[in-house]
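All ligand and atom numbering here is 1-based and tracks the order in the structure. What you are looking at is a predicted structure, and each value in this text was computed from that prediction instead of being measured. Keep in mind that the numbers below use all heavy atoms, side chains included, and drop hydrogens, waters and symmetry copies.
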Amino acid sequence: MTAKIIDGTKIAAEIRSELKDKADELKKKGITPGLVMVRVGEDPASVSYVRGKTKASEELGIYSETIVFPEDAKEEEVLAKVEELNKDPKFHGILVQLPLPKHIDSDKVLNAIDPRKDVDGFHPVNVGKLLIGEPFFMPCTPHGVQQLLIRSGYDPAGKHVVICGRSNIVGKPLMAILVQKKKGANATVTVCHTGTKDLAATTRQADILIAAMGSPKAITADMVREGAVVIDVGVNQVGTTAEGKRILVGDCDFDAIKEKAEAITPVPGGVGPMTVTMLMVNTVRAAEMQSA
Ligand code: GUN
């Protein structure tokens, strides 16, 4: 059996076209959704992600700005900028691109963002709301994974979902989303991490396996049950082409797993476009709520 390829680019385009109507509605009322991104330093992955978010904003008519600090910017400078942006009515959404340089306390910066403008869904207030089942903004990558599953016909309800990785950006919020007694969720969720004793024995129990550990091709075919649905959240740079383009692979051994799985997401073209799209969804929603 060769797996169905879950096309994140196509599903993302579907959502963006639905979103364009909402953005146009706001425009008719004289409201332009605004997103500001803060980047510190020149990490190539962060530069590329922020560029992608800018492009998606342009396509939807969302006003966006990027504020770039040098790598050695002081924590106080970044915090002062966040405070200023909290008060700026042009911006309905604020995103601080992670990771931040080591001398800056990311938690302190994320906690400084007004939860009503926290389109990343990383503020503790929004994390708490998600966990109790009353989400305000859902973090973009896990929300994108849920949408990919639902829209490709693999509703997680009643399924055993095994998530590999317990990050605050993906693993933990995805667990919180999929475990809720709600439509498009209601799954039995297991979260594996570096302390998991027999990872392969656990992943083989998955109906839906989600790889989000940030380790190139760490999930091999022997770790996947025949007929499982596999979502690869990993984006790992394993080299650079002669033209200077980043060579990316996921956390899954795609070529081997596609001979065994029912469906799988590619890297790139799977989860990545969904993350950007869900950020756009949150930004439009922020604009709707702040203008209501
Ligand atoms: N770095 C990697 N993923 C993300 C994300 O979803 N949001 C932000 N702000 N930074 C990231």
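N282 places a side-chain N or O within 3.5 Å of a backbone atom of M138 that can act as its donor or acceptor partner.
Among all heavy-atom pairs drawn from R246 and P44, the shortest one is CD-CB, 4.5 Å.
Annotation: ligand 1 has protein neighbours L95, V96, Q97, L98, D120, F122, each with a heavy atom less than 4.0 angstrom from the ligand.
One finds a salt bridge joining D24 and K20 here, because a Lys/Arg side-chain nitrogen approaches an Asp/Glu carboxylate oxygen to under 4.0 Å.
Under a hydrophobic-cluster definition in which Ile, Leu, Val, Met, Phe, Trp and Tyr are linked whenever side-chain heavy atoms come within less than 4.5 Å, directly or via other members, L178 and F137 are assigned to the same cluster.
In this structure, R116 fails the cation-pi test against F136, since its NZ or CZ atom is not both closer than 6.0 Å to the six-membered ring centre and inside 45 degrees of the ring normal.
Remark: of the listed residues T190, D207, T202, T190 is the sole one forming a side chain to side chain donor-acceptor pair (under 3.5 Å) with H160.
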